[in-house]
There are 2 protein chains.
Amino acid sequence: MKKKKISIADIAKATGVSTTTVSFVINKKAKNNVSTAVIEKVEKYIKEIGYKPNLLAKGLRTGKTNIIVFMVEDISDRFFSSIARLMEEKAYKNGYKLIFCSTENDTERSRELLTLFKDRQVDGFIITPPVGFEEEVKTLIEEKIPVVLFDRYFEDIEVSHVVIDNMESMFKSVNSVFGKGCRNVAFITTDSKQSQMMGRLSGYEKAVRQHGAPRLVKEIPFFGVKEKSAVEEIQSFLDANPGLDGMVFSTNYLTKAGLKVLKNNKISIPGDMAVLSFDDDELFELYTPTISALSQPVESIADKLMESLLKQLNGKAEKDAIIQTELMGSLIERESTG
Amino acid sequence: MKKKKISIADIAKATGVSTTTVSFVINKKAKNNVSTAVIEKVEKYIKEIGYKPNLLAKGLRTGKTNIIVFMVEDISDRFFSSIARLMEEKAYKNGYKLIFCSTENDTERSRELLTLFKDRQVDGFIITPPVGFEEEVKTLIEEKIPVVLFDRYFEDIEVSHVVIDNMESMFKSVNSVFGKGCRNVAFITTDSKQSQMMGRLSGYEKAVRQHGAPRLVKEIPFFGVKEKSAVEEIQSFLDANPGLDGMVFSTNYLTKAGLKVLKNNKISIPGDMAVLSFDDDELFELYTPTISALSQPVESIADKLMESLLKQLNGKAEKDAIIQTELMGSLIERESTG
DNA sequence: CTGAAAGCGCTTACAG
DNA sequence: CTGAAAGCGCTTACAG
């Protein structure tokens with residue numbers, strides 16, 4: 001048996017006023033509508049019994065839950081978790097709560113998460129969409145549910161997004177490796193066709209072209225990329241390309257797999273091989289040698305994401321509410337490209 | 001303007017039946033109550049318009065939201081995230097959804113998260129409580145809200161929990177370091193008085209006593225332990241104790257700080273210093289040398305957590321529903337204690 | 001300044 | 001086999 005939950009009706013009865021009045025007091029709408037005496041009496045009683053409103057009922061009635069869902073590829077990833085932290089604060093300041101979850105870049109899982117929260121009437125979504133998520137995003141837009149994409153986007157959908165200029169950022173990164181005197185610089189990536197991956201690939205290709213260097217790309221099947229397979233794939237690529245003197249990885253988890261391989265093969269960094277990662281990671285500072293990385297501007301990303309979502313939450317005219325932002329990454333040069 | 005949401009009443013009108021009947025069809029309670037013809041008609045229409053029930057309303061009416069909250073110290077930590085993954089699956093199989101969040105071991109933040117979800121009437125909680133969370137846990141119990149603690153617990157509260165035998169696990173770990181011939185083995189920990197930390201300290205002390213070795217304990221102030229301060233504190237401890245030949249860390253993030261210090265001081269592992277971590281981490285497999293660690297049995301922990309919570313969700317008699325489980329950790333010996 | 005009443009979208013005991 | 005009606009706990013337009 002649950003301890004009977006207290007409702008507004010109970011408070012009204014106990015204090016001898018109407019539920020209307022109680023509701024006004026609770027929601028601070030009492031100002032010119034309720035006498036100070038009544039306000040004090042009700043507030044005192046509420047504190048006394050520790051009343052907490054049922055937010056399910058409130059949400060049902062008002063149509064607002066004040067919840068924003070932050071749905072990212074992997075909340076364990078430093079990149080996503082640090083943005084989540086910042087977003088949480090911003091959300092709070094604006095009267096919203098942030099709930100986060102990981103899609104693992106799995107379309108089916110993402111769909112389920114979306115349903116989970118849509119059915120519970122959350123107010124808005126911030127999403128790193130997996131491949132094949134176009135329909136879901138379109139539906140959100142049709143239903144006028146606030147949504148902002150980030151990290152990647154869909155070219156043919158008119159929706160707010162915050163991404164970085166992957167192409168230019170990668171171009172800059174690969175150039176720095178060539179700048180160290182490398183000639184045969186490989187690009188290790190996944191076979192995902194997501195916008196951010198395609199941008200990074202273009203950046204690499206542009207740098208290679210500019211330096212008249214060979215295009216050495218290894219695309220690792222996207223599924224199972226975080227498992228052993230990445231290590232094996234990189235190993236065989238390395239065996240097939242003995243002349244490599246530089247490796248650039250398109251994501252931090254690929255870099256980790258690559259470091260494992262280089263270690264297994266006792267290849268010294270940066271002596272025999274320069275290494276650079278797209279996306280930073282805690283490990284890269286600790287590793288011997290420390291690993292250079294392209295770091296994304298998490299503060300600005302979080303700023304833009306919240307700004308963009310708030311515009312929609314505050315119900316600006318649809319077209320006006322679409323904000324598409326592109327930011328630049330910054331290169332952190334460490335020992336691995338020294 | 002939102003596209004008008006469809007409700008059960010709309011479906012009832014459109015199909016010419018009552019809301020009662022629609023509700024029965026939706027909830028598969030139609031079996032002997034509704035004719036097959038009506039069932040088919042309603043189901044067809046529902047599919048056609050893509051109706052999704054408002055779970056806020058359902059929750060308000062039934063008093064069940066089918067949501068379990070998994071509130072852990074840090075969801076970015078491999079230990080917690082791998083348990084979260086397992087729990088999610090188990091929850092799903094039992095008709096529940098799992099929502100996770102990070103307390104950062106911050107009492108105030110934990111309180112806010114608890115309120116956030118309690119006010120929204122979630123069905124149960126799994127919590128790694130921060131210090132000073134006794135009252136909140138007691139309140140949950142009084143309110144008959146299902147709750148299971150894990151990783152740590154409060155001795156004087158009768159509530160379900162799942163923890164590991166920190167004392168024995170650490171004893172075993174420190175013994176293995178002595179087994180490698182070390183004599184001056186330090187224990188680096190936080191000054192937190194949480195049960196799991198106290199257990200780990202006792203395990204170290206027991207091992208030291210048994211080997212007639214000196215007790216060399218460094219307690220790092222808990223606040224800011226994940227920041228720079230840990231590195232500085234460990235450095236000064238190292239300076240003050242030049243004779244050390246082994247270091248055991250009470251958590252994986254302390255180990256990382258320690259590795260940074262050892263690297264800065266060019267102390268070779270395991271030649272000059274054996275290193276062992278309580279709690280494993282991805283980094284420890286990748287580091288040079290690989291780092292030995294005490295690994296917690298995540299599968300069994302997840303099993304027990306769900307079993308324990310389900311018992312309460314299914315409303316077993318209160319006293320019967322309390323399950324307190326203690327599991328053993330397993331030692332993974334790698335190069336750092338080689 | 002205050003309250004009676006309708007309604008958000010569901011479920012379910014009850015009557016037929 | 002089917003439906004009218006009450007009720008979960010809120011908010012708010014309206015009347016006084």
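Being a predicted model, the structure only gives us computed values, none of them experimental. Side chains are part of it too, since the values below use all heavy atoms of this structure and drop only hydrogens, waters and symmetry mates.
In this structure, A:T325 contributes its side chain and A:V162 its backbone to no donor-acceptor pair below 3.5 Å.
Atoms NZ (B:K52) and P (C:dG9) sit 17 Å apart, rounded to a whole Å. Taking atom NZ of B:K13 as the reference point, atom P of C:dC10 lies 14 Å away to the nearest angstrom. Distance CG (B:L60) to C1' (D:dA6): 13 Å, rounded to an integer number of Å. If you measure from atom NZ of A:K64 to atom P of C:dC8, you get 20 Å, rounded to the nearest angstrom. As a whole-Å value, the separation of A:K41 NZ from C:dT2 P is 9 Å. The nearest whole Å value for the distance from the CD1 atom in A:I46 to the P atom in D:dC10 is 10 Å. In this entry the distance linking CD1 of B:I39 with C1' of D:dT2 reads 12 Å, nearest Å. Separating the CD1 atom of B:I26 from the P atom of C:dC10 is a distance of 7 Å, rounded to the nearest angstrom.
Taking CZ of B:F125 as the start and CG of B:L309 as the end, the distance is 10.5 Å to the nearest 0.5 Å. Here CG of A:N105 is found 7.0 Å from OG of A:S110. Values are rounded to the nearest 0.5 Å. A distance of 11.5 Å separates CD in B:E43 from CD1 in B:I11, rounded to the nearest 0.5 Å. For the atom pair CE of A:M87 and CZ of A:R85, the computed distance is 13.5 Å after rounding to the nearest 0.5 Å.
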(request) With pairs defined as Watson-Crick or G-U wobble and both distances under 3.5 angstrom, please note down DNA chain C as a dot-bracket string, | for pairing with another strand. (result) |||.||||||||.|||
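In this structure, of C:dG9, D:dC10, C:dC10, it is D:dC10 that holds the atom nearest to the side chain of A:N54.
Shown here for A:S195 and A:Y153, the closest heavy-atom pair between the two residues is OG-N, 3.0 Å. B:L56 approaches A:R120 most closely through the heavy-atom pair CD1-O, 3.5 Å.
Taking a 6.0 Å sphere around NZ of A:K97, one finds it holds more than 12 heavy atoms contributed by other residues, nucleotides or ligands.
The shortest distance between the side-chain N/O atoms of B:Y51 and the OP1/OP2 oxygens of C:dG9 is not below 4.0 Å. Phosphate contact (OP1/OP2 of D:dG9, side-chain N/O of A:K58, threshold under 4.0 Å): absent. Note on B:N27: a side-chain N or O is less than 4.0 Å away from OP1 or OP2 of C:dT11.
Using bins of under 30°, 30° to 60° and over 60° for the plane-to-plane angle, the ring pair B:F100/A:F100 lands in the tilted bin.
Along DNA chain D, the nucleotide nearest to A:L56 and the one nearest to B:V38 differ in position, and the one closer to the 5' end is contacted by B:V38.
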Pairwise N/O distances under 3.5 Å, protein to nucleotides 12-16 of chain C:
unit_1 : atom_1 : unit_2 : atom_2 : d
C:dT12 : OP2    : B:K29  : NZ     : 2.7
C:dT12 : O4     : B:T20  : OG1    : 3.2

